[in-house]
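These notes concern the structure reproduced below.
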Amino acid sequence: MYCKCLLIDHARQVFDEMLERDLVSWTSMISGYARSGDIEEAELLFGLMPDRDVVSWGAMMTGFVQNGCHEEALLLFREMQMGGVWPGEVAIVGALSSCASLGLRSLGMWIHGFVVRHDIELTVFMGTALIDLYGKCGDVESAYKVFGLMKERNMASWNSMIGGFAMNGKTKEALRLFSEMEKVGIEINSVTLSGVLSACRHGGLVEEGCYYFQYVPREYEVLLNVDHYGCMVDLLGRAGHVNEAFELINHMPVEPNEVVWGALLGACKIHGNLELGEHVLKKLVELDPQNSGNYVLLSNMYAMLGRWYDVERVRAVMRDIGVEKPRGWSSIEVNTVVHEFYAGDWSHPDISKVYEKLAELHGKMEVLGYNPSTGLLV
DNA sequence: GTAGGGTTAG
């Protein structure tokens, strides 16, 4: 990143000293800033450039999309439309990608209609963007229709289709498509594996998930990343293999992130594993000290175990670090009530009684729910 | 002879 910034600064120097700046140099700068994450500077230059063509509009669109500025991307697309600028394929692909990210199925469908009305060829990029759009918007039938219509498909098209099936609960279809991908001889990468594991997770297929988790990296030289591990931890944990999930984290070659620990925490909640839950929450607090939610959960857990000294300790840490409490009624506040209510009583409180008392005090329970089978406040 | 823009996981 640091290196990238130096390079773009140097390019800017050269650009500023140039006597003749043509479309290509303007567009290169815009794209360079966008790629280095400085979307404001990219936008500024786009506003300043004297002429624009289909490539510079496309570069600006892509810049917005790749920096997660989807509303801005769609506004730019609208601007093109209003200004009578013919959208090139790149701008269309960008607009579709933004629709997918925002879940705007109808706008995406309008753009699809535009493509069809104007006989614009369904290229690999456009087809893939449409598959992604329909998949993310829950219309997996349309996604598969587009997949079938494409004359040419690449790895991304197959990956999008597998991902679309996976996220819509079509586990078998996702796995079938993966086998077909293997049979046809399309290259398989880490995104493919993410789709396959996500399908297994959605369908609760523990054995199959474990199989692909081992088979795909061995067979195709795919490197396992933290997302793959997160998926497996979730899959194992939900199915009740909480200790196996923990073991997997302990043997990760990469540092587990908050997604991985979060998946294990979810499993601890579902299966009532308090000891491990405490350990996981400590890790989460370490990883993300500003996230109040983790403190709240940790405090909750201590409160449930009657460890009031620890409840107080967590609150003190929150005060010291200056963690902002979420708006409204936090579980920390609830715990204060619990604490006061049970002050001096060192026996484990009957949590359902506490729940009743709180409901009485506050009229309603906004934040907490009580799961009698695990004894957890959620 | 040509230059600058692209889709997929989470």
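Every chain is numbered from 1, with letters handed out A, B, ... down the list of sequences. Computed from a predicted structure; not experimentally measured.
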Just wondering, more than 12 heavy atoms not from A/Met18 lying within 6.0 Å of its CE?
->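 Yes - once you tally the heavy atoms of other residues, nucleotides and ligands closer than 6.0 Å, there are more than 12.
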
Just checking, any donor-acceptor pair under 3.5 angstrom between side chains of [X] and [Y]?
X: A/Asn159; Y: A/Thr192; answer: yes
X: A/Thr128; Y: A/Ser157; answer: yes
X: A/Arg12; Y: A/Tyr33; answer: yes
X: A/Tyr220; Y: A/Glu182; answer: yes

Rounded distance in Å - [atom1] ([X]) to [atom2] ([N]):
X: A/Phe15; N: B/dG4; atom1: CZ; atom2: C1'; value: 12 Å
X: A/Asp132; N: B/dG6; atom1: CG; atom2: P; value: 17 Å
X: A/Ile30; N: B/dG6; atom1: CD1; atom2: P; value: 13 Å
X: A/Leu130; N: B/dT8; atom1: CG; atom2: P; value: 11 Å
X: A/Ile131; N: B/dT8; atom1: CD1; atom2: C1'; value: 9 Å
X: A/Arg21; N: B/dG4; atom1: CZ; atom2: P; value: 19 Å
X: A/Asn168; N: B/dA9; atom1: CG; atom2: P; value: 13 Å
X: A/Asn159; N: B/dT8; atom1: CG; atom2: C1'; value: 6 Å

Can you give me the N/O atom pairs linking the protein to nucleotides 1-3 of chain B at distances under 3.5 Å, or say none if there are none?
none

Distance check: side-chain N/O of A/Gln66 vs OP1/OP2 of B/dG5, anything under 4.0 Å?
->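 For B/dG5, neither OP1 nor OP2 has a side-chain N or O of A/Gln66 closer than 4.0 Å.
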
Does a nitrogen or oxygen in the side chain of A/Arg35 sit under 4.0 Å from OP1 or OP2 of B/dG6?
-> yes

Side-chain-base donor-acceptor pair under 3.5 Å for A/Thr27 and B/dG4 | yes

Assess whether one donor atom and one acceptor atom, taken from the side chain of A/Ser160 and the base of B/dT8, lie less than 3.5 Å apart.
->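 No, the side chain and the base share no sub-3.5 Å donor-acceptor pair.
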
Residue [X], side-chain atoms from C-beta onward, closest of [options]:
X: A/Thr123; options: B/dG10, B/dG6, B/dG4; result: B/dG6
X: A/Ser28; options: B/dG5, B/dT7, B/dG4; result: B/dG4
X: A/Val54; options: B/dG5, B/dT7, B/dA9; result: B/dG5

Grab the two heavy atoms, one from A/Ile162 and one from A/Ala174, that are nearest each other, plus how far apart they are.
->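 Smallest interatomic distance, heavy atoms only, reads O-CB, 3.8 Å.
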
Is the shortest side-chain N to carboxylate O distance from A/Lys145 to A/Glu141 below 4.0 Å?
->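 So A/Lys145 does not pair with A/Glu141 through a salt bridge.
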
Is any NZ, NE, NH1 or NH2 atom of the basic residue among A/Glu278 and A/Lys282 found under 4.0 Å from an Asp or Glu carboxylate oxygen of the other?
->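 Looking at A/Lys282 together with A/Glu278, the answer is yes, because their closest N to O distance falls below 4.0 Å.
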
For A/Ser25, report the nucleic acid contact type (base, sugar-phosphate, nothing); a contact means any heavy atom under 4.0 Å.
-> nothing

Scan residues 115-124 of chain A for pairs that pass side-chain hydrogen bond (donor to acceptor under 3.5 Å, both in side chains), counting only residues two or more places apart or in two chains.
-> A/Glu89-A/Thr123

For DNA chain B, which residues in residues 86-110 of chain A have a heavy atom at a distance below 4.0 Å?
->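 Result for residues 86-110 of chain A: A/Glu89, A/Val90, A/Val93, A/Ser97, sorted by number.
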
Cationic tip of A/Arg153 above A/Phe147 ring, under 6.0 Å, 45° of axis = yes

